[in-house]
Amino acid sequence: MLEISHISKTFNPGTINEKKALIDVSFTLNDGDFCTVIGGNGAGKSTIMNAVSGVWPVDTGSIKIDGIDVTTLPEHKRAKYLGRVFQDPKKRGLKWGVSRAERERYREELAKLDLGLENRLTAKVGLLSGGQRQALTLLMATLQKPHLLLLDEHTAALDPKTAAKVLAATDRIVNEGHLTTLMVTHNMRDAIAHGNRLIMMSNGQIIYDVQGEEKKKLHVEDLLHKFEEAGGEVSDRMALS
């Protein structure tokens, strides 16, 4: 589970470029929660991801993963608790010293992704398509069942058909592994369709938090209304998604 308590983050404090990226943000993910995070540019979505993973230290507040206080831990020490997939990951591939049995397990998992990866175990990642790279990274980030999975707009650079396949694979992997997951996205339809909880952010704050049956009843128009109600600026990416 993830416990975020009253975290704040200001970039370039006291300067003309001061930006309050997070303002007293608190929420808790229970074990197995799959939470999508939606919001416009500068809403605080990526800052949340970077705060949890340790890229940026927070100014105030605390962050706990499975009851372990990681607030002051550097990024490399938090990595053992986390799996993370970025928008454009740079990975080296599947050339490890693994046994034949392990290789067969990887092949079976790759086949489930339905992206033609099962026969490309030794292929250089640079030769794979964007969708194949994302699916591969997703698989590698979850094989060891992390305490928390972070998905940072991991389908944003993909065409709609490939994005749908990667999201389908995401749902299956998260559900089968009962993985606690935080997924940032600009796509309102994806935010509604995936996971059991949705958080909307604007100007560094949570402006809407919905889950369960209430989330299932949501429509894009509902999110647009909530966002505009809070004074947020709806980007073309959000409105057209």
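- I63 and L149 are members of different hydrophobic clusters when ILVMFWY side chains are connected at heavy-atom separations under 4.5 Å.
- Annotation for S53 and L150: closest pair CB-CD1, 4.1 Å, computed over non-hydrogen atoms.
- Of the inter-residue distances, the one linking D24 atom CG with S5 atom OG reads 10.0 Å to the nearest 0.5 angstrom.
- Looking at heavy atoms from C-beta onward, F227 lies out of side-chain contact with I38 at the 4.5 angstrom threshold.
- The structure places NZ of K80 at 8.0 Å from CG of L73, a figure rounded to the nearest 0.5 Å.
- Proximity of a side-chain donor or acceptor of K45 to a complementary backbone N or O of G40 within less than 3.5 Å is detected.
- For the pair Y208/L223, a side-chain contact is recorded, criterion being any heavy-atom separation below 4.5 Å from C-beta on.
- Shown are T36, T181, D171; of these, the side chain to side chain donor-acceptor pair (under 3.5 Å) with H194 is made only by D171.
- L158 and V184 sit in two unconnected hydrophobic clusters of ILVMFWY residues. Membership requires side-chain heavy atoms under 4.5 Å apart, directly or through other members.
- Nearest approach of A191 to T185, heavy atoms of both residues: CB-CG2, 3.8 Å.
- Nearest approach of M201 to A43, heavy atoms of both residues: O-CB, 3.4 Å.
- With values rounded to the nearest 0.5 angstrom, D209 atom CG is found 6.0 Å from Q211 atom CD.
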TODO: Please lay out, stage by stage, how E18 and T10 fare under the test side chain to side chain contact (heavy atoms under 4.5 Å, CB included).
DONE: CA-CA 7 Å; E18 179 175 299; T10 299; 3.5 Å; yes

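- Residues P146 and G83 approach most closely at CB-N, 3.4 Å, considering heavy atoms.
- The aromatic rings of F11 and W56 stand perpendicular to each other, their planes meeting at an angle above 60°, with 30° marking the opposite boundary.
- No donor-acceptor contact under 3.5 angstrom links the side chains of H154 and T137, judged on distance only.
- Grouping the Ile, Leu, Val, Met, Phe, Trp and Tyr side chains by contacts below 4.5 angstrom, directly or via other members, places L148 with V25.
- Between L29 and M1 the shortest side-chain heavy-atom distance does not fall below 4.5 Å.
- Partner of I48 under the side chain to side chain contact (heavy atoms under 4.5 Å, CB included) criterion, chosen from L22, D152, V37: L22.
- Minimum interatomic distance between I207 and S202 (heavy atoms only, all atoms of both residues): CD1-CB, 3.8 Å.
- Annotation: K216, atom NZ; neighbour count of heavy atoms from other residues, nucleotides and ligands within 6.0 Å does not exceed 12.
- Atom NZ of K145 and atom NE2 of H178 lie 7.0 Å apart (nearest 0.5 Å).
- When all heavy atoms of F34 and N196 are compared, the closest pair comes out as N-OD1, 2.7 Å.
- If you check the side chains of D69 and T71, you find a donor sitting under 3.5 Å from an acceptor.
- In this structure, M183 is a member of the same hydrophobic cluster as L179, with clusters built from ILVMFWY side-chain heavy atoms closer than 4.5 Å.
- By the 4.5 Å heavy-atom criterion applied to side chains, N203 and I23 are not counted as neighbours.
- Looking at N187, its side chain does come within 3.5 Å of a backbone N or O of D190 through a donor-acceptor pair.
- I65 and L182 fall within the same hydrophobic cluster, defined by Ile, Leu, Val, Met, Phe, Trp and Tyr side-chain heavy atoms under 4.5 Å apart, directly or through other members.
- Here the side chains of R189 and I192 are not in contact, with every heavy-atom distance at 4.5 Å or above.
- Counting only heavy atoms from C-beta outward, the side chains of R84 and V55 approach each other to under 4.5 Å.
- Residue I7 holds its CD1 atom at 9.0 Å from OG of S62, rounded to the nearest 0.5 Å.
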Task: Q134/T155 under side chain to side chain contact (heavy atoms under 4.5 Å, CB included): CA gap, chis, key distance, verdict - done: CA-CA 8 Å; Q134 289 299 74; T155 63; over 6 Å; no

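- Between the side chain of D33 and the backbone N or O of T180 there is no donor-acceptor pair closer than 3.5 Å.
- At distances below 3.5 Å, at least one donor-acceptor pair connects side-chain atoms of K215 with backbone N or O atoms of G195.
- Here the OG1-CZ distance, from T72 to R78, works out to 7.5 Å after rounding to the nearest 0.5 Å.
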